[in-house]
Amino acid sequence: MTGAKRKPQLPQYDFKAIGIAHTPFTQRFGIPRQPGLVPEAKGILKMDPHPDFQFALKGLEQFSHIWVIFVFHSHGGNKWKPTIRPPRLGGKAKVGVLSSRSPHRPNPIGLSVVELEQIDFKAKGGPEIHVKGVDLMDGTPILDVKPYIPYADSVPHANPGWAKEEIGRTPVEFEPLAIEKIEEAEKEHPKLKDLIEQLLTIDPRPGFQKKGLPADGEHSQGKDFGLLVKIFDVKWKIENQKFVVYDLEKVKPGKKPSLSKQKK
């Protein structure tokens, strides 16, 4: 009598982070859904302080862009989901999670291509990779970095599948009070206005808010929202089918408003 055949066991691996990302985004909501959508979203990849990493990064500074492999460490759930409702489809249709970029994956690993500004090999506490166009939450563990090579990595005529529709953009305006406060804040946070505008124009709100309160909806006009950017609570509203920033407040320690939270 032969015993029952055992199912083949898939191999398992343990990985250790080699760095931590520091970005303007301290909460999940409001983070750009794709890299490069917000060019002024700058970040620093703080690498392991072991001396070997100074040598491991040698030559990377010659490239204009890099791949960042990271962990979705704060996606709000321990179990992966076989199907999800992508925001690009308005939450109306489900697709398989492996045909999406959702963080709720069998292994919560992400991949982003970002612009490389500089590498500080001798930074205190370990090398620092300065990048632009990040879509990473502050504190994201970094598993690996690789150079982006255009002739191998770029596929100009690739089929975008169900994500073929271009991301819509909404005009953004600033009221005088907001401009005054932003200009003062830019003494310590350069290009803050550009960052806020780039974040708002692609509508950082959750899918249900976009659907329920579209920028061009008559019932949406006058609605107020808040957006946490760096250490600032950006107050904005929908007015004349535009997103209008009307105030900026520094967030008090211990108090963090929810990103894209509608004001009551």
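- Here the side chains of L177 and Y246 are not in contact, with every heavy-atom distance at 4.5 Å or above.
- In terms of hydrophobic clustering, with Ile, Leu, Val, Met, Phe, Trp and Tyr side chains grouped at heavy-atom distances under 4.5 Å, L111 and L98 are assigned to different clusters.
- Judged by the 6.0 Å distance and 45° axis criteria, R205 is positioned over the aromatic ring of F225.
- Under the 4.5 Å side-chain criterion, counting only non-hydrogen atoms from C-beta, V97 is not in contact with P82.
- Crowding of K210 atom NZ: a count of heavy atoms from other residues, nucleotides or ligands under 6.0 Å exceeding 12.
- Between atom CD1 of residue I167 and atom CD of residue Q34 there is a gap of 6.0 Å, rounded to the nearest 0.5 Å.
- Heavy-atom neighbours of Q118 CD from other residues, nucleotides or ligands within 6.0 Å: above the threshold of 12.
- The structure places CG of L227 at 8.0 Å from CD1 of I196, a figure rounded to the nearest 0.5 Å.
- The side-chain heavy atoms of I182 and E186, taken from C-beta on, include a pair separated by under 4.5 Å.
- Residue-environment remark: CD (E180) stays at or below the threshold of 12 foreign heavy atoms within 6.0 Å.
- Under 4.0 Å is where a charged nitrogen must lie from a carboxylate oxygen, and between D247 and K181 at least one such pair does.
- Residues V95 and I84 meet the side-chain proximity criterion, which asks for heavy atoms closer than 4.5 Å.
- To the nearest 0.5 Å, the span separating NZ on K94 from OG on S100 amounts to 12.5 Å.
- In summary, E175 and K237 engage in a salt bridge, as defined by a charged side-chain N under 4.0 Å from a carboxylate O.
- Using a 4.0 Å cut-off between a side-chain N of Lys or Arg and a carboxylate O of Asp or Glu, E184 and K187 qualify as a salt bridge.
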I would like to know whether K42 and H130 meet side chain to side chain contact (heavy atoms under 4.5 Å, CB included); could you show each step before the answer? CA-CA 7 Å; K42 297 186 178 184; H130 295 246; over 6 Å; no
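- Here Q54 contributes atom CD and M47 contributes atom CE; the two are 11.5 Å apart, rounded to the nearest 0.5 Å.
- In this structure, CD in Q12 is found 8.0 Å from CG in D14, a value given to the nearest 0.5 Å.
- Taking the six-membered ring where the residue is Trp, the centroids of F70 and F72 are separated by under 6.0 Å.
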